[in-house]
Novice: 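The following block contains the structure, expressed as C-alpha cells.
What you see below is based on every heavy atom in this structure, not just the backbone, and it leaves out hydrogens, waters and symmetry mates. Please read all numbers here as calculations on a predicted model, not as lab measurements.
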Amino acid sequence: MRHFRLWNVQHFTGFLSIIFYTYDLAAAITIQTPERSLIRSVQEDALFSVDVACRGIPIVHWTFTTGAESHSIGTWQPGLYTNITVSYKSRVEPYDNGSMRLSELQLQDAGFYVLTITETTGSSKDVGFVLKVNEVLYEDLQYLSVTALALGCLIGLLMLAMWLLDRAYWKIHSQRHKKQVEENDATELQPL
C-alpha cells in the first residue's frame with residue numbers, strides 16, 4: 001500500500017517556486033484603463049486609453065474583432081518601432097503607453113478591440129474594449145429642413161392667394177353694391 005509517496009521538503013519548495021514564478025510573470029504586466037466601452041459617432045475620434053506598466057519594454061499589439069472576422073491593427077514597441085497595417089495607416093495614432101487613437105470613425109469600426117501586451121520574458125496580458133459607432137443622420141435632418149422650407153413656402157403662397165381672393169371679393173362686392181345703389185338712385189329720380 002505504498003502507492004502514494006509523500007512529498008519531501010525539496011519537492012514542496014520546488015513546487016512553490018514554480019507557482020510563485022508563474023504568479024510573478026503574470027503580475028509583471030499591469031494594464032489600467034478608465035473605460036472599456038466607448039460610444040462615438042461617425043467621423044469622430046475614439047481614444048482607447050490605457051496605462052501599461054511592466055518590467056521591460058512592452059510589445060503592444062492591437063486587434064480588431066467582429067463576429068465574422070478578426071484582423072491586426074498594428075504592433076509597436078515604444079521607442080523602437082511602429083508597424084501599423086495599411087488599412088489603418090492614415091487613421092491610427094499609437095502612443096508609447098499602449099493607448100491608441102482611431103480617427104474618422106466609420107460604421108464598420110464598431111466591434112471588439114483587443115490590446116495584447118507582451119513582455120520580453122514571454123508573459124502577456126490582454127484587455128478588451130467595445131466600440132459602438134452611432135450614425136448621425138444628416139440626410140434625415142436635411143430632408144426635414146427642406147420639407148419644412150417647402151411647407152413654409154406653400155403656406156405663404158396659400159396665405160397670399162387667400163389675401164388676393166379676399167381683396168378681389170371685396171372689390172367685386174363693392175362694385176355690385178355701387179351698381180345697386182346707382183340703380184336705386186336712378187329709379188328714385190325718375191318722374192312719375
Novice: Taking all non-hydrogen atoms of both residues, which atom of Pro94 and which atom of Thr82 are closest, and how far apart?
Specialist: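 Of all heavy-atom pairs spanning Pro94 and Thr82, the closest is CG-CG2, 3.8 Å.
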Novice: Suppose we screen for ring pair (Phe, Tyr, Trp, His ring centres under 6.0 Å). Which residues come up paired with Trp170, at least two apart in sequence or across chains?
Specialist: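 Partners of Trp170 by the ring pair (Phe, Tyr, Trp, His ring centres under 6.0 Å) criterion, ordered by chain and then number, come out as His173.
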Novice: Got a second to check how far Arg167's CZ is from Leu164's CG, nearest 0.5 Å?
Specialist: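 Answer for the CZ-CG pair, Arg167 versus Leu164, is 9.0 Å.
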Novice: What about Leu115 and Val92, same hydrophobic cluster or not, with Ile/Leu/Val/Met/Phe/Trp/Tyr joined at side-chain heavy-atom distances under 4.5 Å?
Specialist: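 Per the 4.5 Å side-chain linkage, Leu115 and Val92 are co-clustered.
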Novice: Nearest 0.5 Å please: distance from the CD atom of Gln106 over to the CZ atom of Arg91.
Specialist: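 Those atoms lie 4.5 Å apart.
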Novice: Kindly state whether the ring of Phe112 and the ring of Phe129 have centres lying under 6.0 angstrom apart.
Specialist: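 Not close enough - the centres of the two rings lie 6.0 Å or further apart.
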Novice: Do Val50 and Ile84 share a hydrophobic cluster, counting only Ile, Leu, Val, Met, Phe, Trp and Tyr and linking them when any side-chain heavy atoms are less than 4.5 Å apart?
Specialist: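 Val50 clusters together with Ile84.
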Novice: Within a strict 4.5 Å, meaning less than it, do heavy atoms of the Phe64 and Gln108 side chains meet?
Specialist: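 Answer no - side chains too far apart.
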Novice: Measure the CH2-OG1 distance between Trp62 and Thr85 for me, rounded to the nearest 0.5 Å.
Specialist: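 Between atom CH2 of Trp62 and atom OG1 of Thr85 there are 13.5 Å.
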Novice: Closest heavy-atom contact between Ser49 and Pro34?
Specialist: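 Minimum heavy-atom separation between Ser49 and Pro34: O-CD, 3.4 Å.
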Novice: May I ask whether Met100 and Ile31 are part of the same hydrophobic cluster, defined by side-chain heavy atoms of I, L, V, M, F, W, Y residues being less than 4.5 angstrom apart, directly or through others?
Specialist: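 In one cluster with Met100: Ile31, yes.
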Novice: Quick check for you: to the nearest 0.5 Å, what is the distance between Thr118 atom OG1 and Ile29 atom CD1?
Specialist: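 Here the interatomic distance stands at 6.5 Å.
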Novice: Mind checking who shares a hydrophobic cluster with Leu154, ILVMFWY linked at side-chain heavy-atom distances under 4.5 Å?
Specialist: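 Members other than Leu154 - counting any ILVMFWY side chain reachable under 4.5 Å - are Leu158.
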Novice: Can you pull out every side-chain hydrogen bond (donor to acceptor under 3.5 Å, both in side chains) where at least one residue sits in residues 95-105? Sequence neighbours excluded, please.
Specialist: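 Pairs touching residues 95-105 that pass the test: Glu93-Tyr95, Tyr95-Arg101, Asn97-Ser99.
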Novice: Ignoring hydrogens, what is the shortest heavy-atom contact between Leu105 and Ala46? Give both atom names and the distance.
Specialist: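 Nearest pair, atom of Leu105 first, then Ala46: CD1-CB, 3.9 Å.
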Novice: Can you list, pair by pair, the side-chain donor-acceptor contacts under 3.5 Å of residues 68-75, counting residues two or more places apart and other chains?
Specialist:
| from | atom 1 | to | atom 2 | distance (Å) |
| --- | --- | --- | --- | --- |
| Glu69 | OE1 | His71 | ND1 | 3.4 |
| Ser70 | OG | Thr65 | OG1 | 3.4 |
| His71 | NE2 | Tyr88 | OH | 3.4 |
| Thr75 | OG1 | His61 | ND1 | 2.5 |

Novice: Shortest non-hydrogen contact from Pro58 to Ile117?
Specialist: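 Heavy atoms of Pro58 and Ile117 come nearest at CB-CG2, 3.7 Å.
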Novice: In Å and rounded to the nearest 0.5 Å, what is the CD to CD1 distance from Gln77 to Ile57?
Specialist: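 Separation between the atoms: 5.5 Å.
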Novice: Measure the spacing between CG of Leu38 and NZ of Lys132 and express it to the nearest 0.5 Å.
Specialist: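 With rounding to 0.5 Å, CG (Leu38) is 12.5 Å from NZ (Lys132).
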Novice: Is any side-chain heavy atom of Leu107 less than 4.5 Å from a side-chain heavy atom of Val42?
Specialist: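 The answer is yes; the side chains approach within 4.5 Å.
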Novice: Which residues end up grouped with Val146 if you chain together Ile, Leu, Val, Met, Phe, Trp and Tyr wherever their side-chain heavy atoms are less than 4.5 Å apart?
Specialist: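 ILVMFWY cluster around Val146 holds nothing else.
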Novice: Enumerate the residue pairs fulfilling side-chain hydrogen bond (donor to acceptor under 3.5 Å, both in side chains) with a member in residues 34-48, sequence neighbours excluded, ordered by first and then second residue.
Specialist: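 Qualifying pairs: none.
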